[in-house]
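Numbered from 1 within each chain, the chains take letters A, B, ... in sequence-line order.
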Amino acid sequence: MDMKAIEKKWQAKWEKDKLHVFDKKNIDNKYYVLEMFSYPSAAKLHVGHWYNYGPTDSFARYKKMKGCEIFQPMGFDAFGLPAENYAIKTGVHPEDSTVKNIETMENTLREMGAMFDWSAEIKTCMPDYYKWTQWLFLQLYKNNLAYRKEAPVNWCPDCQTVLANEQVVQGLCERCKSTVVQKDLTQWFFKITDYAEELLTCLDDLDWPEKTKAMQRNWIGKSVGGEITFKLDGFDETIKVFTTRADTVYGVSYVVLAPEHPLVKKITTKKQLQEVEKYIEETSKTKEIERLSLDREKTGVFTGAYCINPVNNQKVPVWISDYVLYSYGTGSVMGVPSHDERDFVFANKYNLPITRVIKGACGNDDLPFTGDGTLVNSVSYDGLTCEEARKAILSDLAKRDLGGFKVNYRLRDWLVSRQRYWGAPIPIIHCEHCGIVPVPEEDLPVKLPYNVEFKPDGKSPLAKCEEFMNVKCPKCGKPARRDPDTLDTFVCSSWYFLRYPDANNAKEAFDKEKINKMLPVDKYVGGAEHACMHLLYSRFITKALRDLGYLDFSEPFKSLVHQGVILGPDGNRMSKSRGNVISPDDYVKEFGSDVFRMYLMFGFSYTEGGPWNDGGIKSINKFLDRVEKIVLSTHSLKNGKYQEMQRNEKELNYARNYAIKSVDRDMDAFSFNTALARIMEYVSALYKYDALEVKNVQFMKECVKDLVLLLAPCAPHFAEELWSKIGGKKSVFNAEYPVCDESALVKDEVELAVQINSKVRAKILVPGDADNELIEKIALESDQVIKALDGKQVKKVIVIKGRLVNIIA
RNA sequence: GCGGAUAUGGCGGAACUGGCAGACGCGCAGGACUUAGAAUCCUGUGGGAAACCGUGCAGGUUCGAUUCCUGUUAUCCGCACCA
């Protein structure tokens, strides 16, 4: 078959017939399939795109044939650094390169033959989209979910911008791998921490990969404990510490503040001042990556101040150390060397006292002892278990207003401003008189100006664009300045799935009624790398918009699948430097897009991925040839007189219905490799029947028709062509999916294995509907069994219907 | 250190709820067709001469374990001084 020709032909026909456009009439039967949208790069589609979009499209087509009204949109996550970096390198404006790249990608995506509904296309860099991203920002701002504050933030010196916590990977910039440094800057944050608890608990009910859920749980990092207040000796100030081990409070021998803690400046004594200042300066210079290193020696400095342990009024010294993180908990901890490994090391180094307050159950509990046990040296709490003591101590402290129960989360607020050009401008105006003034909604979008010097120098490129910056304050009318920062591209992608169902709405971001019907997304498919970024942000935005009354559901993605990664033939990740990159284009040219897609579906376990293999793709090509031959040769046969359903026909009918049942189940479960395996078996069964002298041609034609239907989702153009050749009037995708006839799966005779003492010793044939009693009788009467038993007494017989018989002797 | 996963023939990978391990495909071998090759079709293909042995390793539960339990090793991924 001339694949190239039929691909073009059917793609044009499908487009003309609007086969892939969502039909609102059937909204009650909607099924929203979503692949993560892609970044418009200059290169053609890579294997990763294909592996995400191809098999998932087959899933969508399968669902369509099963009667669902499919909504499968596609778009572009078009803002972001790569276009800007490319511009800095080459001088080509990001807008120009992005628009051009989108065009090429649209074309290659069309050539894939996926049923994307292009009428709902989204490009996040277009004003008609980012207008609503800005609107989203304003809603969050007006409801105290967006705020601006000065804080130590992650700064990438290479990208010349701040980064969210999620974008710092092991101290390095997620994008360019430069070492991230800390800087004090005033930045915009989204209050995702308000939703920490809900983001955590709702995970339980999601049909998501366990791993992804675990990563989010881990990232949110809930920690249940308490807060304890230490009054400072000689100051009218207190230090609050967060601890999960309130039971060890009698073992406190010092308290440590993070070097950045504002109290440090207030409490440091004159004598210690020089040393403390030196330490603070050193730590601020220390790169994040080094500070995080576990093997790094613990260092610290005494402030000269003391505070009072609230349980025993003991005076303990206050130290500072960079092993305490300012951004977590209260930025200060109580040091209990006897029961914490870090504190133990620290206390030994600086000669601080070590007092045991927990005794383990067994004998061997050398210090530091971090396990559970019973309290000692803790006055009235002695003898309590750790858990009892935690409750007792904290509630006693609460009564004296010196502490209480407290839950902490590791999750930080989401830093959303960026000092870069190619993003959505933050719709805020700074006025000398009125302060922070949101841009009135009717003035949206705040358009990103074209003529901007975007070479990065640590300041926002927009800040240098006077015609952009200068604006009248919407409140007082006096001259004011715009916010020069742009939004993190993850803001753009945190709500795009809400825009798709109403992509062309010029009046609002989306119609509430519409998206309440269309969402949540029924099946979301994309890479696992977004676990703690896009997937978490999207959940947060959905919940926030729900609370603001814009929608009525709590989770955006009901069911999530991560495709695996296709590696180079050498088993390594594909990369230009390794020279192991597979170009889909070359294979699509040689074999056609259906063959390429099918190989991706057949050669790998979808969620696992694996190394590319050339041999596999040829075998798919061969397989489709086999299908074409049997389908067309059967179609050209004339119906004969023989119309019986005898043994051979029953066998073929069994194969047919077994295939229908298995393929149906496997496609639904994204188990594409086994689905195709069953179709291959079915084709072999057809060849076997075809070789017979006497055939029921009419029946065989029915069987062949089902073959084309089963194959259609996986080889759309190919199947559509065959379908039309065997007389299909409308599109094969509007045809009804075959239904399994269970009665055809009941065989007249079934072969069972007979085990004697759990080893297979014989095979028996039993009627398909035989009950256990009959099966046992046949087994025990079998010659092979009698021989194998060799006169031994039968003690017990276990019959597993349809499987085997085990005789214990 | 914490969390999650994975481990099955020469290779990619199957195995539903504990029930004949290795589906399907690649590769390989043999055969058919052909003047010959390619293509195609058919047959065989875990190891072992056999008894038997085989799902990373060591135990356990069970009539029966790739599957459940305990321990352990290796690899991959994520987080990591989170108090």
Side-chain angles (χ1 to χ4, degrees), chain A residues 169-171 209-219 221-223 225 241-246 248 256 258 291-296 298 321-325 327-336 339-343 345-346 370 408-412 528-529 531-532 565 599 602-605 607-620 622-623 625-626 629 661-662 665-666 669 671 673-684 687-688 691 751-763 795-809:
Chain A
V169 180
Q170 310 209 307
E210 246 347 283
K211 184 183 170 158
T212 308
K213 292 207 257 183
M215 276 168 73
Q216 289 207 354
R217 281 191 196 105
N218 205 340
W219 190 259
K222 183 177 183 175
S223 178
V241 302
F242 174 74
T243 180
T244 53
R245 293 298 305 268
T248 65
V256 208
R291 195 166 158 181
L292 288 178
S293 161
L294 255 179
D295 334 313
R296 190 157 166 270
K298 300 223 174 340
S321 170
D322 66 2
Y323 84 86
V324 175
L325 306 174
S327 50
Y328 181 74
T330 60
S332 49
V333 303
M334 59 184 208
V336 185
H339 303 292
D340 182 280
E341 277 162 28
R342 296 155 298 184
D343 299 347
V345 174
F346 194 79
T370 56
N408 248 320
Y409 299 91
R410 217 181 64 98
L411 184 71
R412 317 280 162 81
E529 65 275 13
C532 293
V565 179
Y599 171 59
F602 180 67
F604 309 87
S605 160
T607 51
E608 297 287 313
W612 176 265
N613 171 297
D614 248 16
I617 194 159
K618 289 184 188 125
S619 75
I620 295 292
K622 191 171 117 183
F623 169 68
D625 280 346
R626 260 165 80 79
K629 262 181 220 159
K661 190 176 179 169
S662 314
R665 184 192 55 215
D666 292 351
S671 182
N673 53 349
T674 51
L676 288 172
R678 299 294 88 81
I679 296 180
M680 288 171 177
E681 283 170 349
Y682 181 37
V683 170
S684 294
Y687 267 82
K688 194 175 162 196
E751 192 195 59
L752 292 185
V754 182
Q755 296 180 329
I756 293 174
N757 292 330
S758 306
K759 295 212 159 151
V760 179
R761 290 289 182 235
K763 299 272 164 118
K795 286 182 197 145
K796 194 176 165 191
V797 180
I798 297 156
V799 179
I800 309 294
K801 224 175 165 183
R803 302 276 181 189
L804 52 63
V805 181
N806 193 1
I807 300 171
I808 312 303

- Note on the structure: Sorted by position of nearest nucleotide on RNA chain B, 5' first, the leading residue of A:E751 and A:R761 is A:E751
- Note on the structure: Judged by nearest nucleotide, the residue sitting upstream toward the 5' end of RNA chain B, A:T330 or A:M680, is A:M680
Specify the separation, in whole Å, of atom [atom1] of [X] and atom [atom2] of [N].
X: A:L676; N: B:rC26; atom1: CG; atom2: P; answer: 13 Å
X: A:R410; N: B:rA83; atom1: CZ; atom2: P; answer: 10 Å
X: A:I617; N: B:rG27; atom1: CD1; atom2: P; answer: 14 Å
X: A:F623; N: B:rG25; atom1: CZ; atom2: P; answer: 9 Å
X: A:Q755; N: B:rC52; atom1: CD; atom2: P; answer: 14 Å
X: A:E681; N: B:rA15; atom1: CD; atom2: P; answer: 12 Å
X: A:K801; N: B:rG64; atom1: NZ; atom2: C1'; answer: 21 Å
X: A:I800; N: B:rU67; atom1: CD1; atom2: C1'; answer: 15 Å

- When you measure from the side chain of A:D340 to the backbone N and O of A:T370, does any donor-acceptor pair fall under 3.5 Å?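 Not a single qualifying donor-acceptor pair exists.
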What's the gap between [N] and [M] when it is taken at their [atom1] atoms, as a whole Å value?
N: B:rC52; M: B:rG60; atom1: P; result: 22 Å
N: B:rG48; M: B:rC53; atom1: C1'; result: 8 Å
N: B:rG19; M: B:rU66; atom1: P; result: 10 Å
N: B:rG27; M: B:rG46; atom1: C1'; result: 15 Å
N: B:rA49; M: B:rA15; atom1: C1'; result: 31 Å
N: B:rG78; M: B:rG13; atom1: C1'; result: 26 Å
N: B:rA83; M: B:rA14; atom1: C1'; result: 48 Å
N: B:rA65; M: B:rC20; atom1: C1'; result: 14 Å

Any idea which of [options] is nearest the [X] side chain?
X: A:K763; options: B:rC20, B:rC81, B:rA83; result: B:rC20
X: A:S758; options: B:rC63, B:rA83, B:rC24; result: B:rC63
X: A:T674; options: B:rC53, B:rA23, B:rC79; result: B:rA23
X: A:L325; options: B:rA23, B:rC20, B:rA83; result: B:rA83
X: A:F242; options: B:rG19, B:rA83, B:rC24; result: B:rA83
X: A:N806; options: B:rG19, B:rC20, B:rC24; result: B:rG19

Between [X] and [N], is there a side-chain N or O to OP1/OP2 distance below 4.0 Å?
X: A:R217; N: B:rG78; answer: no
X: A:K759; N: B:rC53; answer: yes
X: A:S223; N: B:rA83; answer: yes
X: A:Y328; N: B:rA83; answer: yes

List the residues meeting side chain to side chain donor-acceptor pair (under 3.5 Å) with [X], not counting sequence neighbours, and say none if there are none.
X: A:K661; answer: A:E742
X: A:N218; answer: none
X: A:R245; answer: A:D247

- Message: Looking at A:R245 and B:rA83, is any side-chain donor or acceptor paired with a base atom of the opposite kind under 3.5 Å?
- Response: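 Per atom types, no contact qualifies.
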- Presence of donor-acceptor pair under 3.5 Å, side chain of A:K618 and base of B:rC26: no
- Tell me, with the steps shown, if A:V760 and A:Q755 meet side chain to side chain contact (heavy atoms under 4.5 Å, CB included). CA-CA 4 Å; A:V760 179; A:Q755 296 180 329; 4.0 Å; yes
Applying side chain to side chain contact (heavy atoms under 4.5 Å, CB included), name anything that partners [X], two or more places apart in sequence or on another chain.
X: A:K222; answer: A:E197, A:L200, A:V224, A:V407, A:Y409
X: A:R410; answer: A:W219, A:Y328
X: A:S619; answer: none
X: A:V565; answer: A:L567, A:R573

- Reading nucleotides 2-13 of chain B 5' to 3', which nucleotides get B (base under 4.0 Å from a protein heavy atom), which S (sugar-phosphate only), which -? -SB-------SS
- Contact class for A:I798 (heavy atom, under 4.0 Å): base, sugar-phosphate, or nothing? base
- Item | Stems where RNA chain B pairs, listed by first number, each of three or more Watson-Crick or G-U pairs under 3.5 Å |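 The stems are B:1-7 with B:73-79, B:10-12 with B:24-26, B:27-32 with B:40-45, B:56-60 with B:68-72.
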- Check the pair A:I620, A:M680 against side chain to side chain contact (heavy atoms under 4.5 Å, CB included), reporting the backbone distance first and the verdict last. CA-CA 10 Å; A:I620 295 292; A:M680 288 171 177; 4.1 Å; yes
Pick out the pairs of N or O atoms, protein on one side and nucleotides 38-46 of chain B on the other, that lie under 3.5 Å.
{"residue": "B:rC41", "atom": "OP1", "partner": "A:R626", "partner atom": "NH1", "Å": "3.1"}

- Query: Can you name the closest pair of heavy atoms from A:A531 and A:M215 and give their distance?
  - Reply: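 Distance-wise, the nearest heavy atoms are CB-CE, 3.6 Å.
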- Glycosidic conformation of B:rG60, syn or anti, with 90° from 0 as the boundary?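 Anti, which is what one calls it when the glycosidic angle falls more than 90° from 0.
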- Message: Quick one about A:N673 and A:S605 (side-chain donor to acceptor, distance below 3.5 Å, no hydrogens or angles considered), yes or no?
- Response: no
- Please lay out, stage by stage, how A:S684 and A:E681 fare under the test side chain to side chain contact (heavy atoms under 4.5 Å, CB included). CA-CA 5 Å; A:S684 294; A:E681 283 170 349; 5.7 Å; no
- What residues, two or more places apart in sequence or in another chain, satisfy ring-ring contact (aromatic ring centres under 6.0 Å, His included) together with A:F346?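 Expected list: A:Y254, A:W319, A:Y323, A:Y350.
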- Query: In chain order, what residues pass the ring-ring contact (aromatic ring centres under 6.0 Å, His included) check against A:Y599, with sequence neighbours excluded?
  - Reply: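 By the ring-ring contact (aromatic ring centres under 6.0 Å, His included) rule, A:Y599 matches A:F604, A:W612.
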